[in-house]
Amino acid sequence: MAAWVEGHVIERIQWTDTLFSLKVEAPLLPYQAGQFTKLALEQGERRIQRAYSFVNPPSSPYHEFYLVEIPGGELTPALSALAVGDPLLVQSQATGFLTLDEIPAGRDLWLLSTGTAIGPFLSLLTAGEAELRFENLILVHGVRKGEELSYQPLIAALKSQLGSRLHYVPFVSREPWPDAMAGRIPAAIDSGALQERVGLGFSPEQSQVLICGNPEMVKATQLSLIEQGLTKNLRRTPGQISSENYW
Ligand SMILES: Cc1cc2nc3c(=O)[nH]c(=O)nc-3n(C[C@H](O)[C@H](O)[C@H](O)COP(=O)(O)OP(=O)(O)OC[C@H]3O[C@@H](n4cnc5c(N)ncnc54)[C@H](O)[C@@H]3O)c2cc1C
């Protein structure tokens with residue numbers, strides 16, 4: 001049985017009405033960039049628990065989570081109400097396979113996310129190993145509205161550190177937004193618009209693609225990438241497509 005430890009909120013960032021980040025202090029076991037753990041709150045006799053990915057690199061002295069409050073959701077409204085100093089339960093052992101040690105060698109690392117699922121990719125990029133293993137790092141983030149493009153200061157810092165090796169491509173589906181692509185990620189792969197924007201194509205020899213977030217986007221993007229000649233990355237049969245569904 002996984003152990004639960006008590007943590008405390010040490011900082012809260014409110015990005016929009018529903019998007020927020022919690023920085024938490026808690027004595028967790030070591031974990032890898034790209035992994036997730038569980039957060040929980042006791043509600044009466046019940047412990048309500050859900051999975052959340054780390055945004056921070058594992059070397060950081062705190063643990064950071066990026067969340068969306070789901071109206072009527074069982075846990076997120078209560079997590080959203082937490083203030084600095086409040087306690088919460090954290091599972092001490094992280095898990096998850098969206099980690100670089102599961103990813104074969106390649107030249108280009110594509111990180112395709114929707115909504116809060118940009119979190120594990122920020123962890124991977126700030127941990128520093130991705131830039132040692134891959135020449136090009138492509139961070140793609142799909143949201144509905146421009147205001148949901150959170151973590152711009154961190155992305156700007158990564159851009160100034162990595163220069164032209166980091167390609168950041170925001171997608172905003174419900175309104176025009178400066179520098180963002182319109183529509184959805186799989187459609188832009190099918191049309192070639194994403195590859196054209198980045199200046200790189202997909203190929204089994206050079207691409208490794210991690211996909212995270214909305215299960216419909218994950219499924220549609222997998223199909224689009226298979227059309228481009230890539231295959232799923234499984235432990236027994238290494239390929240180029242690795243994914244994690246958030247629900
Ligand atoms: C491996 C893994 C990692 C995850 N990491 C994160 C994370 O870092 N940040 C995060 O916000 N969520 C993350 N989730 C989702 C999270 O575990 C919860 O499902 C979510 O917070 C909803 O909890 P709830 O109890 O409020 O809603 P529930 O009452 O459980 O309602 C669930 C419904 O909310 C919707 N939903 C769930 N998650 C999201 C989401 N992220 N964006 C939009 N709609 C959603 C879906 O329609 C889902 O059916 C992760 C899930 C998994 C499996």
Side-chain angles (χ1 to χ4, degrees), residues 2 4 7 9 11-24 26 28 31-44 46-58 60 62-82 88-100 102 111-127 139-145 147-151 154-155 170-174 184-185 210-222 242-247:
W4 289 90
V9 176
E11 195 181 328
R12 236 189 140 275
I13 305 167
Q14 191 72 44
W15 301 99
T16 69
D17 285 353
T18 54
L19 290 168
F20 64 102
S21 296
L22 295 176
K23 289 188 187 175
V24 172
L28 306 187
Y31 53 86
Q32 289 176 261
Q35 288 194 309
F36 64 90
T37 188
K38 286 187 177 167
L39 301 179
L41 292 172
E42 312 272 359
Q43 293 184 357
R46 292 180 64 212
R47 176 178 295 170
I48 316 288
Q49 51 178 284
R50 296 285 186 272
Y52 296 98
S53 305
F54 295 96
V55 179
N56 56 287
S60 123
Y62 55 80
H63 316 290
E64 181 168 349
F65 305 96
Y66 176 42
L67 287 85
V68 60
E69 181 178 344
I70 307 291
E74 259 205 301
L75 185 61
T76 49
L79 288 174
S80 175
L82 292 177
L88 74 171
L89 293 166
V90 188
Q91 212 162 66
S92 60
Q93 176 74 66
T95 183
F97 301 107
L98 220 53
T99 55
L100 280 190
E102 297 287 338
L111 305 169
L112 312 182
S113 62
T114 54
T116 52
I118 192 176
F121 296 154
L122 294 175
S123 176
L124 278 171
L125 289 172
T126 50
L139 176 64
V140 177
H141 188 202
V143 298
R144 289 166 309 163
K145 299 205 150 193
E147 65 170 15
E148 296 163 6
L149 294 169
S150 308
Y151 283 102
L154 178 57
I155 292 165
F171 274 76
V172 178
S173 62
R174 295 206 183 156
R184 297 181 190 281
I185 297 168
L210 275 56
I211 317 172
C212 191
N214 176 330
E216 279 173 30
M217 178 286 273
V218 171
K219 181 86 200 144
T221 305
Q222 285 172 342
S242 307
S243 24
E244 185 169 86
N245 286 325
Y246 263 15
W247 66 91

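For ligands, and for the atoms within them, numbers begin at 1 and follow the listed sequence. Index from 1, following the sequence.
Using a distance-only test at 3.5 Å, with no hydrogens or angles considered, a donor-acceptor pair links the side chain of Arg12 to the main chain of Ser80. A donor-acceptor pair under 3.5 Å is absent between the side-chain atoms of Asn214 and the main chain of Gly115, judged by distance alone.
Atom 33 (C) of ligand 1 is never approached by the protein to below 4.0 angstrom, counting heavy atoms only.
Distances from atom 45 (C) of ligand 1 to the heavy atoms of Ile70, Leu19, Ile118 put Ile70 nearest. The residue from Arg50, Gln49, Glu74, Gln35 that puts a heavy atom closest to atom 23 (O) of ligand 1 is Arg50. Considering Phe36, Tyr52, Phe97, Tyr246 only, the shortest heavy-atom separation from atom 20 (C) of ligand 1 involves Tyr52. Of the listed options Phe65, Trp247, Tyr66, Trp247 places a heavy atom closest to atom 38 (N) of ligand 1.
Using a 3.5 Å distance cut-off with no hydrogens or angles, the side chains of Ser53 and Tyr246 do pair a donor with an acceptor. For the residue pair Ser242/Glu102, the side-chain donor-acceptor check at 3.5 Å is not satisfied. Residues His63 and Tyr31 have side chains that bring a donor and an acceptor to within less than 3.5 angstrom of each other. There is a side-chain donor-acceptor pair under 3.5 Å between Tyr151 and Ser21.
Regarding atom 41 (N) of ligand 1, its nearest protein heavy-atom neighbour is Thr116 OG1, 3.0 Å. Looking only at heavy atoms of the protein, atom 8 (O) of ligand 1 is closest to Ser53 N, 3.0 Å.
For ligand 1, one of its N or O atoms has an N or O atom of Leu75 under 3.5 Å away. Considering both main-chain and side-chain atoms, Glu244 never comes within under 3.5 Å of ligand 1 through any nitrogen or oxygen pair. For a threshold of 3.5 Å applied to N or O pairs, the pair formed by Ala51 and ligand 1 contains at least one separation below that value. Taking distance alone, with nitrogen or oxygen atoms compared against 3.5 Å, Leu67 stays at or beyond that limit from ligand 1.
Ion pairing of Glu148 with Arg174 is absent here, as no side-chain N (NZ or NE/NH1/NH2) approaches a carboxylate O to less than 4.0 Å.
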For salt bridge (Lys or Arg N to Asp or Glu O under 4.0 Å), just list the numbers for Glu216 and Arg184, CA-CA rounded to whole Å, side-chain angles, deciding distance to a tenth of an Å, and then say yes or no. CA-CA 11 Å; Glu216 279 173 30; Arg184 297 181 190 281; over 6 Å; no
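At least one heavy atom of Asn245 lies less than 4.0 angstrom from ligand 1.
Side-chain atoms of Phe54 and Phe36, non-hydrogen and from C-beta on, never get closer than 4.5 Å to each other.
Taking every non-hydrogen atom of Thr76 and a distance limit under 4.0 Å, the qualifying atoms of ligand 1 come out as 21 (O), 23 (O), 24 (P), 26 (O).
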